[in-house]
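Here the structure comes first, spelled out in C-alpha cells, and everything after it is commentary.
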Amino acid sequence: MSEEQRIIYFTQEEISTKPPCVSEVLILKDLGVDVRVLTTWCNAATQKLFRERGIPCTLMRDGPSTRKNGRSQMFRKAMNAVRYQSMLHRYFRTNADGRTAVWLGTEKSLMSYPRFWKHQNRLIQNALEFYEKTDYQKRMKKYTAFADVTTACESHRAELMKQYWHLREDPFVLPNKPYLHPGKRDLEGSTPENRERIRQMAGKKVLLYQGIFSPDRDLMPLAKALAAYEEKRRSEETSSGHDSDAPVSGEHDENVRYSGAHDPLWLVLIGSGDNEFVSKLKEAYPYTMNLGFVPAPLHLEITSHARYCVAYYKDNTLNNRYCAPNKIYEAAGFGIPVLANQVPGLTSTVGASGAGRCVNFDDPAAVAEALDDMEEHYDRYSAAARKFFDDTDNADTVRRIVERAFAQK
C-alpha cells in the first residue's frame, strides 16, 4: 500500500461498539495506508489504541448519550441534526481530496453520509447485517449504488446482497475475525472485576456463552439437554461404583465444585439482557453461572478460561441463518472448540472446519454425543479451531479492497 492513498474511516455509530470496524482500521494502518477515523464516539480504550498506532480519531460529540426517555432522545436528535451535517461537510471538505477513499463502516454510516460527497470520493461500504425488512432492503439497494466496493461478513450474505441490491460486483467477504487476539489460554484478569470472575470459574469445566440473554437467543433447549447429559453421567458414575450425592436439580453454590468422581460442565454466561430468562435457565440447569457484562476486549480474558464455547442463533431470519459471529473466531484463536446449533452460518464455518460440532440443541442425545466426542478428541478439535482462525486472512482481503477502490477512478 502507498501512503499516498488516504482512507477516511467513518462510522455514524460509536466505533468502539463495532469490533469489525476497529479491526479494519488497524489492518489499514498496518498495510501502510494513511487512515483517519471519523466517528460519533469512541471509548477510552479504543482511543488509546488508535493513539498508540498513530491513527487520528475525530469525535463528533462529547460523549455517549445517557438519556433514555423518548422526548429527550428526540429533542437531542433534532438539536444535533444541523450541527452534525455541518461537521460532516466541514470534515470532508478539509480532509478529503482526489486521492481519498471513504470507508463507511456500517449501514447507518452510508445512509447518513452527505449525498454531495457520494460523488466526490471513492466509497467502500460495509454491510454488517442483512435484514429482511422492506425499508432496510429498499434503502440499501438505493445507497449501495453509490459504492465502488461493498463488503459482507459472511459468504451467503454476500450472494444475497448481490442479488437483492443489484450490485455490479460480488462483495468482498470479511469475516468478523478480531485483528488483535491474545491467543494464550488462561489469561490473568487485568481488572479486579475480571479477577473475581476468573476466581469463580477456577477448577470448573466451563461451556461459555457470550452474548445477549433473551428468548430470541433461546438457550433453554441447551440447558435442558445439559441437565439430561449430567443426569446420564451421574447415573453411569453410580452404576460403576462411584456414589455421588450431588443431584442435577436444586440450588448449588457456584463456588463449590461437584462432589462426584467427575466434574459437571458449567454453563457460564457473560453478557447482558433478560435476568428473568437467566433465572429460568438456572432452574432448568442448576450448573449455570451468570458473570454479567464484560466490555470488549476484557471479555477475552474470561473466554481464555473456557473449555468450550457456545454459538447459537435461531433459524428464523436470513440474518440469523447466515450469522457471522465474532465469538467463533474469539474462541478459535484460543483453540477452544465450539458447540453450535445447525444454521448455515455455523455449519459452513465451525462445522466444516472441524473447529467444533454443530448439532440440534433440541436433541439431548445429539448434544451429549457431541460433548463426549469433543472431550475424547479435544486436541484434534483444538488444533482445528486454531487452523480455522489462522486460515482467515482479512489483511489480504483488505489489501485487495483498497486496490480495487483506488482502481475505480
Side-chain angles (χ1 to χ4, degrees), residues 9-15 17-21 24 39-40 65 68-71 73-78 80-82 84-85 88 102-119 123-176 211-218 273-274 311-326 341-349 401:
Y9 199 103
F10 169 55
T11 61
Q12 193 272 341
E13 302 98 322
E14 177 183 343
I15 192 170
T17 64
K18 304 294 180 183
C21 299
E24 287 162 1
T39 184
T40 305
S65 175
K68 300 299 183 182
N69 65 76
R71 286 178 63 91
Q73 195 77 352
M74 291 177 63
F75 179 75
R76 182 182 64 82
K77 288 182 178 180
N80 286 345
V82 174
Y84 179 77
Q85 287 295 320
L88 284 177
V102 178
W103 194 315
L104 301 162
T106 66
E107 293 90 332
K108 286 185 178 180
S109 306
L110 175 64
M111 294 174 189
S112 65
Y113 185 63
R115 180 178 296 272
F116 170 78
W117 293 104
K118 288 183 170 73
H119 301 287
L123 292 182
I124 303 166
Q125 170 59 41
N126 281 356
L128 298 183
E129 310 292 346
F130 187 82
Y131 298 118
E132 297 167 78
K133 296 178 290 188
T134 301
D135 181 61
Y136 172 87
Q137 290 295 333
K138 285 183 176 179
R139 296 180 76 183
M140 289 304 294
K141 181 179 178 181
K142 173 183 176 181
Y143 285 107
T144 51
F146 293 104
D148 297 291
V149 178
T150 305
T151 82
C153 48
E154 198 272 338
S155 58
H156 298 92
R157 289 186 187 179
E159 295 176 4
L160 292 170
M161 289 169 188
K162 185 176 183 183
Q163 178 181 352
Y164 277 62
W165 302 340
H166 299 168
L167 302 177
R168 297 184 300 274
E169 299 179 350
D170 292 334
F172 286 84
V173 179
L174 279 169
N176 289 334
I212 298 171
F213 316 145
S214 72
D216 187 55
R217 302 284 180 91
D218 189 4
D274 188 339
Y312 173 79
Y313 289 84
K314 291 185 74 171
D315 189 6
N316 61 344
T317 66
L318 289 176
N319 207 50
N320 282 353
R321 282 180 58 79
Y322 306 120
C323 58
N326 57 346
N341 68 316
Q342 294 173 314
V343 294
L346 296 175
T347 57
S348 64
T349 50
I401 288 170

Once rounded to the nearest 0.5 Å, what's the spacing between atom [atom1] of [X] and atom [atom2] of [Y]?
| X | Y | atom1 | atom2 | answer |
| --- | --- | --- | --- | --- |
| N126 | K18 | CG | NZ | 11.0 Å |
| N341 | K314 | CG | NZ | 11.0 Å |
| W103 | I401 | CH2 | CD1 | 4.0 Å |
| L128 | C21 | CG | SG | 5.0 Å |
| L167 | T150 | CG | OG1 | 5.0 Å |
| W165 | K142 | CH2 | NZ | 15.0 Å |

Can you confirm whether [X] sits close enough to [Y] that some side-chain heavy atom of one is under 4.5 Å from a side-chain heavy atom of the other?
| X | Y | value |
| --- | --- | --- |
| E154 | C323 | no |
| E169 | K162 | no |
| R321 | D315 | yes |
| T144 | Y164 | no |
| L346 | P325 | yes |

Examine the side chains of [X] and [Y] and answer whether a donor and an acceptor come within less than 3.5 Å of each other.
| X | Y | value |
| --- | --- | --- |
| T11 | T106 | no |
| E107 | Y136 | yes |
| S112 | Q12 | no |

Where [X] and [Y] come nearest, the two heavy atoms and their spacing:
| X | Y | value |
| --- | --- | --- |
| C153 | N176 | CB-OD1, 3.6 Å |
| P344 | H156 | O-CE1, 4.2 Å |
| A152 | P171 | N-CB, 4.1 Å |
| Y9 | G105 | OH-CA, 3.6 Å |
| A147 | Q125 | CB-CB, 3.9 Å |
| T151 | M161 | O-SD, 4.3 Å |

Are F172 and I124 close enough, and set up right, to give a side chain to side chain contact (heavy atoms under 4.5 Å, CB included), and what steps lead you there?
-> CA-CA 10 Å; F172 286 84; I124 303 166; over 6 Å; no
Is there a side chain to side chain contact (heavy atoms under 4.5 Å, CB included) between N319 and R157 once you walk through the steps?
-> CA-CA 8 Å; N319 207 50; R157 289 186 187 179; 3.2 Å; yes
Would you say the ring centroid of Y113 lies under 6.0 angstrom from that of F146?
-> no
Contacts of D274 that satisfy side chain to side chain donor-acceptor pair (under 3.5 Å) - sequence neighbours left out = none
